[in-house]
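Chain identifiers are assigned alphabetically (A, B, ...) following the order of the sequence lines, protein sequences preceding nucleic acid strands; residue numbering begins at 1 within each chain.
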Amino acid sequence: MKENAILEMKGIYKIFPGVRALQDVDFTLCKGEIHALMGENGAGKSTLIKVLTGVYEKDGGDIFLEGLGKAAVIRSPQDAQKLGISTVYQEITLCPNLSVAENMYIGRGDGAVQNWKKMNADADKILQNLDIPARGAQQLSSCSIAIQQMVAIARAVDMDCKVLILDEPTSSLDEKEVEKLFGLMRDLKKRGVGIIFVTHFLDQVYEVCDKITVLRDGKLVGEYEIKDLPRVQLVSKMLGKELDDMSDIKSDALAYKGKDADTNVFEAVGLQSNADIKPFNFHIKKGEVNGFTGLLGSGRSECVRAIFGADRVIAGNVKKDGKEVKIKKPIDAMKLGIAYLPEDRKLDGIVGDLSVRENIILAAQVLRGAFKPFSKAETYKIADEYIKMLEIKTASADTPIKSLSGGNQQKCILARWLLTHPDYLILDEPTRGIDVGTKIEIQKLVLKLASEGMSVTFISSETDEMLRTCSRLIVMRDRKVVGELSNEELCQSSIMNTIAGGGTTDEK
Amino acid sequence: MKEKFKNMSDTNLLLTITIVIFFLMYIGAILFLGEGFLKPQAFFNILNSQAALIITSCGLSLVMITGGIDISVGGVVALVSMSCAVLLDYKGGNIAEAILLAIGIGLAFGIVQGFLVAYLDIQPFIVTLAGMFFARGLTTIVHTNPFNVEHAGFIALKDTRIYIPGMGSFNKKGVYIPAYINIGVVVAIVVVIVLFCVLRWSKAGRHFYAVGGNRQSALMLGINVKRTVFASHVMCGLLAGIAGFVYFMYVGSGSPAHASGMEMNAIASSIIGGTLLTGGVGNIIGTLFGVLSLSTIQNIVQSAGLDQAWWTNITIAAMLCLFLVIQSIVMARKKSAE
């Protein structure tokens, strides 16, 4: 083994029926380093992690751990834990109904009797030590998601873990919480824990990591020191192509040029819903791409939910194509040719156990009515058409959607709404949690649709993405629309300024 | 105070609600329906008649805390009392053998159902629905007609009264009538105490809560989920067997119609006691108070002169709704307080 290394994976192979998920992958983790594992969806990151944690059994190669003379045998998550490999997943894998301390200690340790006093005291000590603002006796569900994640890490640390795997831990955290988590990671690093960090956020990688290992199509691309690999190169390594098209995919050639380009497709005056937002005015022209921007929780999603009738509208008038209409529930909006791709894919988007095909036709079927079903042959034809058009990577149209990667699930939901042939499409965080390649595909698709005359409202947490796609931005702060930017005003700093409240000048 | 409310676990919060409501109800009964309820014996009679239901509900709560359900318990109680009755009167068995038989039947149901639910991953509702039909059917096969047991030793045991000093009262003629409880109540109290301690202070007991809270997470936390689910069903079956014998000691007869609807009363008691059907939240003391609340309300209805069965059912329905509404309001307030 290499000097200072605590984990070495050598020549790992993993073969699924029909797919070589991992081919001859090496991975080395040193003491006290934060090591990013990067790659597109389907590159093999998750598979590699699952091999390491014993969820999958590898088909070839060896795993070596520091202080263990021979290759490690890992057949179950329990085996991995015993060897000092702990994982904190994107979804919290703790029990919300138990106390913080119980979540840290349940399922391990000897003896049959639960000593509450000692357990709570021990837990408090560790929490304090790691500077986590929670108490052992507190019920876990009363903590924020970020704290819950930290409790999971505290559990891992207390189990004397040498290798800590953080699988997309930041996707549901806001900026402050992410900062806290990073503080904890740096602290652990000082204590000599090796951390494997899997994330989609490039900024975060550059903020906290020491090394990057890039995978692509199940193969190792390389291991790099963070300072030797600028961002653009990282992305091109992940995608396997030079990325000149990323900087500027928006071009005037794509703008919609129809003669009705100046008419309002949708107009709202004083719209307000029961989701605690201030009344707002809004309009969108034919073939326009606009967006809502603002910090997390500023009311971006609530605005579009009000437009779509997903929250209960309590005030305001809306016009569609110049005609006064009432939108009380989503079906009203759908009938008017409005489509809404929701923010929370798992909760509001996919129906996990249904096939890709069934998920795609869902909205169109609802519009047609329950008594006029599509024939089976029709649905296959439609599904295949959209799978081809959006390049959805799925084994077949009958694969359950939950077995697809996040990006491909998102494409299916997009297909579902495109199939209803809307003239106004609302995309709420369509690119969250999906890889860079698919992100760009979706952005390009949005611009293409707009050039064909569809109006699109686009919401994203990533401002550069918004800047690339939108021609007009509505800025929100504290659940209120505070400004509107278009054309020349569209740049990072002006957005920042508007979000922050005008007056202050931002050096950035 | 507010801080305390916020930090309370869901389990303790629901338990407090249950206990408070029970006492309010009992005081209401004393105030409006007269002094009959003031006599300790009135309370002890509730215990005497509901000992079996207490034991059954405890077992059921355990299953419900892990996120499952067992609706076979009523059938098992009927089967046990009929089998014991036949054993004692027709097969020449003695009481020790009858107790062993009761425990054996309960365990058998628990083990088979637990295996099907935990290791073959079949819905607990379906498995125990089959168990219920099977137990009811078997009861009729064991003996078709209802009959009273005449085994001398058993009658002695059935009529054994444990007198509670200082709790008696004087009747109209001024004769002192001592207060008493049956042996079944002692069994029920032991069961409640043991289960409470197991759930609170043993690591294995906490696993039930973890599994009910989030099965996937429990697995990731290193808990043997299948074994925990299996154990909950075995315990529930065992307790249904014990409850069967306690029931048998109370009614002193065997009949296919015995304990009809008992599983539903047990579910109602658990829910009133603060056990959530979704799992992960619940408390044995709460279940005890659930049973007491349920039978107190029945007594109130009957003392008020509405002694037809449907009035009891309607009040139980109303009470279930009331409890669920109060529970959800308090839980929602807690959520918003956070």
Side-chain angles (χ1 to χ4, degrees), chain A residues 50 53-55 76-82 86-120 134-145 147-149 151-152 155-156 158-159 165 167 276, chain B residues 2-15 64-67 196-228 231 274-283 331-338:
Chain A
K50 283 180 176 158
T53 53
V55 177
S76 70
Q78 275 77 18
D79 286 349
Q81 278 184 13
K82 275 185 203 129
S86 291
T87 318
V88 174
Y89 296 92
Q90 178 178 2
E91 277 88 31
I92 306 285
T93 48
L94 298 175
C95 294
N97 58 325
L98 302 184
S99 76
V100 168
E102 279 195 276
N103 269 299
M104 287 167 63
Y105 287 100
I106 202 162
R108 62 201 187 95
D110 306 319
V113 177
Q114 174 90 286
N115 185 341
W116 289 84
K117 240 188 183 155
K118 183 173 177 299
M119 184 177 75
N120 283 341
R135 272 164 302 112
Q138 214 176 349
Q139 192 175 328
L140 187 80
S141 61
S142 70
C143 302
S144 72
I145 299 289
I147 305 283
Q148 293 189 21
Q149 206 126 41
V151 170
R155 176 185 165 97
D158 189 51
M159 286 170 80
I165 304 165
D167 191 358
D276 188 28
Chain B
K2 206 168 180 189
E3 189 64 13
K4 224 169 183 178
F5 172 69
K6 235 172 82 179
N7 288 336
M8 221 174 198
S9 73
D10 294 348
T11 297
N12 288 346
L13 184 63
L14 291 179
L15 173 65
M64 281 166 70
I65 287 169
T66 53
F196 176 78
C197 293
V198 165
L199 282 180
R200 181 92 189 122
W201 284 300
S202 82
K203 287 191 172 162
R206 302 310 293 173
H207 289 185
F208 291 116
Y209 285 93
V211 169
N214 186 333
R215 191 172 280 235
Q216 191 60 34
S217 296
L219 190 70
M220 293 294 198
L221 292 174
I223 292 167
N224 190 331
V225 172
K226 289 187 168 161
R227 202 171 61 197
T228 309
T275 312
L276 293 189
L277 264 178
T278 44
V281 176
N283 188 306
M331 295 289 268
R333 287 204 137 204
K334 182 172 179 247
K335 281 259 149 58
S336 67
E338 279 158 11

Colleague: Counting C-beta onward and ignoring hydrogens, is there a side-chain heavy-atom pair between B:L221 and A:R155 closer than 4.5 Å?
Modeller: yes
Colleague: With sequence neighbours left out, what residues match A:Q148 under side-chain contact (heavy atoms from CB on, under 4.5 Å)?
Modeller: A:I92, A:L140, A:C143
Colleague: What's the spacing between A:I106 CD1 and B:I223 CD1 if we round to 0.5 Å?
Modeller: 4.0 Å
Colleague: Could you pull out the closest heavy-atom pair between A:C95 and B:A210, with the gap in Å?
Modeller: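 Nearest pair, atom of A:C95 first, then B:A210: SG-O, 3.2 Å.
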Colleague: Are A:Y105 and B:R206 close enough that some pair of their side-chain heavy atoms sits under 4.5 Å apart?
Modeller: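 Of all side-chain heavy-atom pairs linking B:R206 with A:Y105, none is under 4.5 Å.
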Colleague: Given that the side chain runs from C-beta out, which part of B:L219 has a heavy atom under 4.5 Å from chain A: side chain, backbone, both or neither?
Modeller: backbone
Colleague: Does some side-chain heavy atom of A:V113 sit less than 4.5 Å from a side-chain heavy atom of B:K203?
Modeller: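 B:K203 does not reach A:V113 side chain to side chain.
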Colleague: Given a strict heavy-atom distance threshold of 4.5 Å, which part of B:R200 is in contact with chain A: side chain, backbone, both, or neither?
Modeller: both
Colleague: Distance from B:N12 atom CG to A:Q139 atom CD, nearest 0.5 Å?
Modeller: 9.0 Å
Colleague: Which atom pair, heavy atoms only, marks the closest approach of B:Y209 to A:L98?
Modeller: CB-CD2, 3.5 Å
Colleague: Quick one: which residue pairs count as a side chain to side chain donor-acceptor pair (under 3.5 Å) with a foot in residues 218-228 of chain B, not counting sequence neighbours?
Modeller: none
Colleague: Atom CD of A:Q114 and atom CG of B:L199: how far apart are they, to the nearest 0.5 Å?
Modeller: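 If I round to the nearest 0.5 Å, the distance is 11.5 Å.
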Colleague: Going by heavy atoms in the side chains, are A:L94 and B:N214 under 4.5 Å from each other?
Modeller: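 No, side chains not in contact.
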Colleague: Could you tell me which portion of A:N115 (side chain, backbone, both or neither) has an atom closer than 4.5 angstrom to a non-hydrogen atom of chain B?
Modeller: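 Neither part, no heavy atoms under 4.5 Å.
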